[in-house]
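Some notes on the structure that comes next.
Heavy atoms only: backbone and side chains are in, while hydrogens, waters and symmetry mates are out.
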Amino acid sequence: MKCPSCGAAASGKFCASCGKPLRVKKCPSCGAQLPPGSRFCTGCGNALSGGEGARGQGAAATAPAPGGNTNLAWWVAGVLLVVVLFSLGYPVLTRSNGSGGGGPAPSGMGGATGGGSALDLATMSLEEQGTVLFNRVMRSNSAGDTADVTFFLPKALVIYEQLNPSDSDGLYHYALLHQVGGDHQAALAKAQEGLAQVPDYLLLLAVAAEASAALGDESGARELYGHFLDVYDTEMGLMRPGYEHHQAIFPAYREAA
């Protein structure tokens, strides 16, 4: 017999010259004779399910790739981690609004991320979280983005409650957050707490006056605004801690007074 692959004289099941099978295969669909190792019939084109080539192809198609299950598990875990971090990272909501309930919002704070981004607070200290959240609320309030304010304000208040600031600038931040949230009584209380220590602190005088006016105490607001104007030049000359960070808001407060 001759080898169907190389034509050499051969016997047995495999060719001694080329090693190819000597048995001629037939297509199970149309009966056509096929060369050894064929994966598809040359007569009808059907895939061969029985041959060595077909078996190898099927095994390759069905056998899981090494580490496939592990890769899938890591991929699923990665997706879940992104979802968790996104929910903890405070996603930004954007809608339009008018009021923020708190008068002019300080600008030039720095440190806050812009609209459309998320805040990653996990690696920050409590003080840094307070600063970043305060800046975010103020910027969003100034832009009229009430959805953003509604989302971030409660988080900022929680952080400030934990910080419990006693310095004038920290109490101003705390009072202003309450003012933006519409809790004028709490804003006034925090401002008065700071004014008990530094009676001429301009930022606390301004937010206390605004809160008093919002609460309907016009005489109290006038008194506080009058005091603000009386000490304005002197205080700006002193440049107390916190004043340098809020330079942009002083003209608005003075105009309101």
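Here the CG-CD distance, from L204 to Q192, works out to 10.5 Å after rounding to the nearest 0.5 Å. Interatomic distance, CG of D145 versus OG of S140, reported as 5.0 Å (0.5 Å rounding). Here the straight-line distance linking atom CZ of R222 with atom CD of E218 works out to 6.5 Å at 0.5 Å rounding. Summarising the geometry, atom CG belonging to L177 is positioned 10.0 Å from atom OH belonging to Y172; distances are rounded to the nearest 0.5 Å. The distance from the CD1 atom of I159 to the CZ atom of F134 is 14.5 Å, given to the nearest 0.5 Å. Put simply, CD1 on I249 and CZ on R254 are 14.5 Å apart, with the number rounded to the nearest 0.5 Å.
The heavy-atom pair separating A191 from V207 by the smallest distance is CB-CG1, 3.7 Å. Closest heavy-atom contact between L163 and G130: CD1-CA, 4.3 Å. Between Q179 and A211, the shortest heavy-atom distance links the atoms NE2-N, 3.4 Å. Residue G220 comes nearest to S212 through the heavy atom pair C-CB, 4.3 Å, listed as atom of the first residue, atom of the second, then distance. For the pair Y160 and G170, the tightest heavy-atom approach, listed with the atom from each and the gap, is CE2-O, 3.9 Å. Heavy atoms only, all atoms of each residue included: A221 and A209 are closest at CB-O, 3.5 Å.
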Side chain to side chain contact (heavy atoms under 4.5 Å, CB included) between D200 and F228, worked out: CA-CA 7 Å; D200 297 339; F228 176 94; over 6 Å; no

Begin with the C-alpha distance, continue with both residues' side-chain angles, and end with the deciding distance and a verdict on side chain to side chain contact (heavy atoms under 4.5 Å, CB included) for F250 and L203. CA-CA 8 Å; F250 282 108; L203 296 170; 3.8 Å; yes

Residue pair T131, M124: steps toward the side chain to side chain contact (heavy atoms under 4.5 Å, CB included) verdict: CA-CA 10 Å; T131 299; M124 299 181 188; over 6 Å; no

Please step through side chain to side chain donor-acceptor pair (under 3.5 Å) for the pair D217 and S219, ending with a clear verdict. CA-CA 6 Å; D217 184 4; S219 62; 3.2 Å; yes

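Both L126 and Y174 are part of a single hydrophobic cluster, where members link through side-chain heavy atoms under 4.5 Å apart. A single hydrophobic cluster is seen to contain both L229 and L205, as judged by linkage of ILVMFWY side chains at heavy-atom distances under 4.5 Å, directly or through other members. Linking ILVMFWY side-chain heavy atoms closer than 4.5 Å, directly or via other members, places L157 and M138 in a single hydrophobic cluster.
The number of heavy-atom neighbours closer than 6.0 Å to CD of E244, taken from other residues, nucleotides and ligands shown, is above 12. Crowding of E193 atom CD: a count of heavy atoms from other residues, nucleotides or ligands under 6.0 Å exceeding 12. Enclosure of atom CD in Q162 by more than 12 non-hydrogen atoms of other residues, nucleotides or ligands within 6.0 angstrom is indicated.
With a 4.5 Å cut-off on side-chain heavy atoms, H178 and K190 count as touching.
H246 and H173 have their aromatic ring centers within a separation under 6.0 angstrom.
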Show me the donor-acceptor pairs, under 3.5 Å and distance only, between side chains in residues 230-243 and residues at least two apart or in other chains.
{"residue": "E235", "atom": "OE1", "partner": "R240", "partner atom": "NE", "Å": "2.5"}
{"residue": "E235", "atom": "OE1", "partner": "Y243", "partner atom": "OH", "Å": "2.6"}
{"residue": "E235", "atom": "OE2", "partner": "R240", "partner atom": "NE", "Å": "3.2"}
{"residue": "E235", "atom": "OE2", "partner": "R240", "partner atom": "NH2", "Å": "3.0"}
{"residue": "Y243", "atom": "OH", "partner": "L202", "partner atom": "N", "Å": "2.9"}

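Evaluated for a side-chain contact (heavy atoms from CB on, under 4.5 Å) with F152, the options N141, L133, V132 yield exactly one hit, L133.
With hydrogens and angles ignored, the 3.5 Å screen pairs a side-chain donor or acceptor of Q197 with a backbone N or O of S166.
L188 forms part of a hydrophobic cluster together with L215, judged by ILVMFWY side-chain heavy-atom separations under 4.5 Å.
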